[in-house]
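What follows is a set of notes on a single structure, which appears directly below.
In the text below, chain A, chain B and the rest are named by the order of the sequence lines, each starting its count at 1.
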Protein chains: 2
Amino acid sequence: MTNDSSAADFSSVVPKERRGLDPVDRRILELLQEDARMPNNAIAAAVGVAPSTCHGRIRALQDSGVIRGFHADVDPAATGRGLQAMIAIRLHAHARSNLATFKDYLARLPGVESIFFVTGDRDFLIHVALSDSEALRDLVAHNISVHPEVAGTNTSVIFEYVSVRRPAG
Amino acid sequence: MTNDSSAADFSSVVPKERRGLDPVDRRILELLQEDARMPNNAIAAAVGVAPSTCHGRIRALQDSGVIRGFHADVDPAATGRGLQAMIAIRLHAHARSNLATFKDYLARLPGVESIFFVTGDRDFLIHVALSDSEALRDLVAHNISVHPEVAGTNTSVIFEYVSVRRPAG
DNA sequence: CTTGAAATTTAGAGGTT
DNA sequence: AACCTCTAAATTTCAAG
């Protein structure tokens with residue numbers, strides 16, 4: 001006990017582990033990125049530590065926020081959303097004050113997979129997966145373009161989307 | 001009109017389970033998208049079936065390709081890649097024949113998280129996570145712009161990236 | 001196809017060197 | 001701080017409705 005220090009965790013993304021991240025930790029992260037359901041035993045063997053030690057490492061990585069979660073990768077087409085698109089959104093200059101609100105609005109729209117808040121001539125890029133072109137047209141016309149803060153949109157259909165997982169971290 | 005048309009569909013994203021996907025399956029997918037490490041027992045209880053049945057469902061979803069994998073979500077900043085960017089790439093018209101090769105080239109570049117092959121005025125959008133602006137500049141200048149097939153690039157820094165996971169599928 | 005229980009494997013905690 | 005052992009819980013297989 002007597003752990004008075006260390007807390008004071010505001011919200012931030014400040015790395016609790018000062019800057020460290022052993023080669024062992026990096027290897028564990030690699031493996032879990034490839035397969036989040038890999039057994040602890042197998043991971044321990046692969047990185048060369050005891051299962052117990054490996055388990056402690058993984059837990060620490062989760063607690064420190066390095067690992068943010070474990071998620072299943074589901075094929076959008078299999079769930080009836082076979083059409084993907086990238087929608088670039090430009091906002092009116094005066095509307096850029098409450099971006100968080102607009103972002104939340106986007107996050108609640110159907111079919112939105114991810115949101116990029118970017119610099120440049122566009123303000124937002126949103127990756128959507130929908131059932132068909134009609135759903136895409138409806139989304140853009142009825143839920144985005146009509147929004148008073150939106151100055152304009154530019155939609156590109158996605159032929160292929162590849163999520164890259166590199167071998168080395 | 002008979003359906004002779006379109007291209008020969010060798011490749012196969014054809015759903016094995018023709019169109020089926022029970023409400024139970026959809027619920028399982030929801031839960032696993034939120035937490036891929038959720039115990040099978042807990043999932044079974046949540047969807048209202050026996051653990052064994054639930055396990056069989058999950059296995060079937062994996063075998064049929066609906067679930068493509070389970071991956072850990074690792075904070076890029078924690079692994080020394082605190083700068084994210086979206087790089088739009090336009091190719092020369094004559095270079096659009098072997099897009100697959102160029103895509104593989106992109107996938108092997110350091111820091112590339114995902115690749116979007118899109119319609120419109122740009123051909124590719126790549127989402128990258130790098131250590132700093134110098135690394136970003138090096139990537140664009142030395143690995144992308146110099147590529148003979150590349151006609152031009154347009155880089156936008158990403159202030160915020162949100163991966164949206166909706167409650168309902 | 002679903003259920004229920006058994007056997008193997010794994011996770012997580014405590015104590016030791 | 002990493003390793004070993006132990007208990008509890010999970011996954012997976014097997015048989016039956």
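- The CD1 atom of Ile43(B) sits 19 Å away from the P atom of dA9(D) (whole-angstrom rounding).
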What string of B, S and - do you get for nucleotides 1-17 of chain C 5' to 3' if you count protein non-hydrogen atoms under 4.0 Å?
-> -SBB-----SSSBB---
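- When the P atom of dT11(D) is taken as reference, atom CG of Leu32(B) falls 11 Å away, rounded to whole Å.
- Look at Arg96(B) and Glu149(B) and you find no salt bridge, because none of the NZ, NE, NH1 or NH2 atoms lies under 4.0 Å from a carboxylate O.
- Within the 6.0 Å centre-distance limit, the rings of His147(B) and Phe102(B) are counted as a close aromatic pair.
- Remark: side-chain polar atoms of Thr53(B) are not paired, donor with acceptor, to backbone N or O of Val49(B) under 3.5 angstrom.
- In this structure, the side chain of Asp22(A) does not engage the main chain of Val24(A) through any donor-acceptor pair within 3.5 Å.
- Side-chain contact check for Phe116(B) versus Arg122(B): every heavy-atom pair is 4.5 Å or farther apart.
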